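Down below is the structure, laid out as structure tokens.
The shown structure was predicted, so the numbers you read here are calculated from the model rather than taken from an experiment.
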Amino acid sequence: MTTAKRQTQVRLEEDVLAAGKAAAAARRLDFNRYVERLIIEDTTGARAAGMTAAQRLIDEHGTFLDDLEQQLDAPYADPQAGAAA
């Protein structure tokens, strides 16, 4: 069962609109669906729950993630001074 959708108008600064459209495209959503999803996530607590889970992951495994990032970045680090290029 689908519900009827209502149309509304929102005024946004040009750069905010461009950023929103880019974010929607990156998620393969049309802009209307992207805005709808943001509102639903914000008003249902889904966004807050996701942020809490992400913070818990960082708190519990942050050191491991930092070490992993350094290991993955190591091959791309600047060569040491005096080393042959």
Side-chain angles (χ1 to χ4, degrees):
M1 178 179 180
T2 60
T3 58
K5 294 197 175 207
R6 304 273 317 231
Q7 185 171 341
T8 189
Q9 185 175 18
V10 178
R11 296 183 190 278
L12 301 171
E13 295 289 332
E14 243 181 84
D15 57 336
V16 173
L17 177 59
K21 286 185 175 185
R27 289 161 179 80
R28 297 189 170 130
L29 297 170
D30 66 54
F31 183 70
N32 288 329
R33 180 67 181 126
Y34 174 69
V35 171
E36 182 179 50
R37 187 180 279 185
L38 286 176
I39 292 169
I40 290 168
E41 289 174 356
D42 187 49
T43 59
T44 63
R47 181 171 298 279
M51 294 303 289
T52 298
Q55 187 61 55
R56 186 171 47 246
L57 178 74
I58 291 169
D59 291 346
E60 293 175 7
H61 304 288
T63 302
F64 169 77
L65 295 172
D66 288 341
D67 291 344
L68 180 61
E69 183 178 24
Q70 287 178 355
Q71 290 174 20
L72 293 172
D73 287 345
Y76 306 103
D78 291 333
Q80 295 181 3

Determine all donor-acceptor pairs shorter than 3.5 Å in which one atom belongs to a side chain in residues 49-63; sequence neighbours excluded.
from: Thr52; atom 1: OG1; to: Ala48; atom 2: O; distance (Å): 2.9
from: Gln55; atom 1: NE2; to: Asp59; atom 2: OD1; distance (Å): 2.8

- Task: Would you give the length of the straight line joining atom CG of Leu29 to atom NZ of Lys21, rounded to the nearest 0.5 angstrom?
- Result: 14.5 Å

- Query: Ile40, Tyr34: one ILVMFWY side-chain cluster at the under-4.5 Å cut-off?
  - Reply: no

- Item | Taking every non-hydrogen atom, the tightest pair across Leu12 and Val16 | CD2-CG1, 4.3 Å

- salt bridge (Lys or Arg N to Asp or Glu O under 4.0 Å) with Arg33: which residues, sequence neighbours excluded? Glu36

- Note on the structure: Besides Leu72, the hydrophobic cluster formed by Ile, Leu, Val, Met, Phe, Trp and Tyr side chains linked at under 4.5 Å, directly or via other members, contains Phe64, Leu65, Leu68

